[in-house]
Chemist: 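Quick one: structure below, then a few questions.
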Amino acid sequence: MLIGVMAALLAAFCWTIASGLWRRVPTSLSALQLNLLKNLIGSLTLLPVLLWPGAWQGVSAPTLLALMLSGALGIALGDSFYFAALRRLGTRRSLTLDAGGPALSALLAQLTLAESLQLQQWLAIALISLAVLIVARQAPPGGAPAREQGLGLLCIALGLLCGLAGALLSRWALAGSSWQPLTAAAVRLLAALAVMLPWVRLPSKQQPRPATARWPLVLLATLLGTSLGIVLQQASLQQLPVGLAVSLLATAPLMALPLSRLEGDQPGWPGALAGGLGFVGVLMLVSAAQG
């Protein structure tokens, strides 16, 4: 289980850095267009995995369908909602996409996958959820209008539901199977790309182009958040129960606290308190995994 814990924490770190990079990308693209772009780049980087000899060995139709549906819900829809929230609420608050995820995912996993958690694990999930909610309640940088904040929170809620559905489907597909996290991540990305292509309108040539080059930031953010981040996410879902994996993945807002000043965000003492609670929760999860 310790491998799954480390994979989840590394995935959260990759998403934290990638979110900050996406926030800094100068672009007039919509949230859907940005999501399509990063899925296209991510799919190209992982495509050789699907062409590797033996990649499809032992693949069953239900498992493949579950992973494809997981990509459509968690990546195509969930990430699009996340990008919409990122512009309205900033990096730190937008990373609260999983704020209510730990407890809810554990409950759904118990109902749908018959997974059970120990008392120590439930306490750790509660601490992490409380820490992330403290971060979520703080005002975003820049004094965004109330309407924009409301839309951002709505996007977070919708993204949370889509992300949890995708995580549950991935856990069901990967648990006890011979699928590798790299292969699963490639399938999910390609499925998301296939779903989005017919619906996303390509940008027109009349749209203004930013004065500075944006492809280095786009490429780095995609490689960290989409390619590496999703592979690590799948590895954690393969090794851990859904509730534990989502709890650790939800520590991304806490990791964003040291980076918040770059966006003019002032976490203050509530941010420090949230970081402490989250750290204790992670230590409890790691202790439970080792035990």
Side-chain angles (χ1 to χ4, degrees), residues 11 14-51 64-65 67-89 91 94-95 97-98 151-152 154-167 169-170 182-210 212-234 252:
C14 289
W15 289 341
T16 301
I17 301 300
S19 296
L21 292 174
W22 281 118
R23 172 79 172 171
R24 296 177 61 187
V25 171
T27 182
S28 57
L29 299 179
S30 67
L32 285 172
Q33 290 169 342
L34 273 178
N35 194 15
L36 179 65
L37 176 61
K38 65 97 173 169
N39 287 338
L40 178 60
I41 298 174
S43 297
L44 290 176
T45 60
L46 293 180
L47 185 59
V49 175
L50 298 179
L51 303 178
L64 180 61
L65 182 61
L67 283 174
M68 293 174 64
L69 186 57
S70 170
L73 288 173
I75 300 177
L77 286 178
D79 285 1
S80 294
F81 286 127
Y82 173 74
F83 276 124
L86 185 63
R87 291 181 171 180
R88 291 171 171 84
L89 301 177
T91 302
S94 295
L95 281 170
L97 175 67
D98 292 322
L151 286 175
L154 176 61
C155 289
I156 284 177
L158 293 174
L160 170 63
L161 293 176
C162 293
L164 284 177
L169 286 167
S170 288
L182 270 173
T183 309
V187 169
R188 294 184 74 228
L189 278 172
L190 284 174
L193 185 63
V195 168
M196 295 187 71
L197 276 175
W199 298 98
V200 180
R201 183 178 301 174
L202 297 178
S204 63
K205 295 182 180 180
Q206 287 75 26
Q207 283 185 314
R209 293 183 177 273
T212 58
R214 56 190 173 188
W215 67 265
L217 287 178
V218 170
L219 182 60
L220 183 58
T222 301
L223 292 177
L224 280 176
T226 304
S227 300
L228 182 57
I230 291 181
V231 170
L232 291 169
Q233 178 203 43
Q234 297 305 292

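All values below come from the heavy atoms of this structure, side chains included, with hydrogens, waters and symmetry mates left out.
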Chemist: Would a distance-only check, ignoring hydrogens and angles, find a side-chain to backbone donor-acceptor pair under 3.5 Å from Gln234 to Val231?
Modeler: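 Not at all, since once roles are kept as given, no pair shorter than 3.5 Å links the two residues.
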Chemist: Quick one: CG on Leu197 to CG on Leu40, what's the gap to the nearest 0.5 Å?
Modeler: 7.5 Å
Chemist: For Ala192 and Asn39, work out which heavy atoms get closest and say how close.
Modeler: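 Closest pair (atom of Ala192, atom of Asn39, distance): CB-ND2, 4.1 Å.
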Chemist: Give me the atom names and distance for the closest heavy-atom approach of Gly166 to Ser70.
Modeler: O-OG, 2.7 Å
Chemist: Let me see the working for Val187 and Leu64 under side-chain contact (heavy atoms from CB on, under 4.5 Å), right down to the final yes or no.
Modeler: CA-CA 8 Å; Val187 169; Leu64 180 61; 3.9 Å; yes
Chemist: When you look at Phe83 and Leu32, which way does the side-chain contact (heavy atoms from CB on, under 4.5 Å) test go after all the steps?
Modeler: CA-CA 8 Å; Phe83 276 124; Leu32 285 172; over 6 Å; no
Chemist: For the CD1 atom of Ile156 and the CG atom of Leu86, what is their distance to the nearest 0.5 Å?
Modeler: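 So the gap between those two atoms works out to 9.5 Å.
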Chemist: Rounded to the nearest 0.5 Å, how far apart are CG of Leu160 and OH of Tyr82?
Modeler: 13.5 Å
Chemist: With rounding to the nearest 0.5 Å, note down the distance linking CG in Leu169 to CZ in Arg188.
Modeler: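 One finds 9.0 Å between CG of Leu169 and CZ of Arg188.
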Chemist: Once you round to the nearest 0.5 Å, how far does CG of Leu77 lie from CG of Leu161?
Modeler: 11.0 Å
Chemist: Please find the pair of heavy atoms, one from Ser80 and one from Ala31, that lie closest to each other, and give the distance.
Modeler: O-CB, 3.6 Å
Chemist: Going from CG on Leu189 to CE on Met68, what distance comes out if it is rounded to the nearest 0.5 angstrom?
Modeler: 12.5 Å
Chemist: Do Cys162 and Phe81 have side chains that get closer than 4.5 Å, going by heavy atoms?
Modeler: yes
Chemist: Between Met196 and Leu36, what is the shortest heavy-atom contact and its length?
Modeler: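 Result for this residue pair: CE-N, 3.8 Å.
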Chemist: Could you tell me whether the side chain of Leu37 reaches within less than 4.5 Å of the side chain of Val218, counting heavy atoms only?
Modeler: yes
Chemist: What is the minimum heavy-atom distance between Trp15 and Gly229, and which atoms define it?
Modeler: NE1-CA, 3.7 Å
Chemist: Is Asn35 reaching over with its side chain to a backbone N or O of Ile75, donor-acceptor style, under 3.5 angstrom?
Modeler: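 Yes, the answer is positive, given that a donor and an acceptor are paired below the 3.5 Å cut-off.
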Chemist: Where do Ser227 and Gly42 come nearest, in terms of heavy atoms and distance?
Modeler: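 Ser227 and Gly42 have their closest heavy atoms at OG-CA, 3.7 Å.
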Chemist: Has Thr226 got a side-chain atom pairing as donor or acceptor with Leu223's backbone, closer than 3.5 angstrom?
Modeler: no
Chemist: Could you please spell out the steps behind the side-chain contact (heavy atoms from CB on, under 4.5 Å) verdict for Leu190 and Leu47?
Modeler: CA-CA 8 Å; Leu190 284 174; Leu47 185 59; 4.2 Å; yes
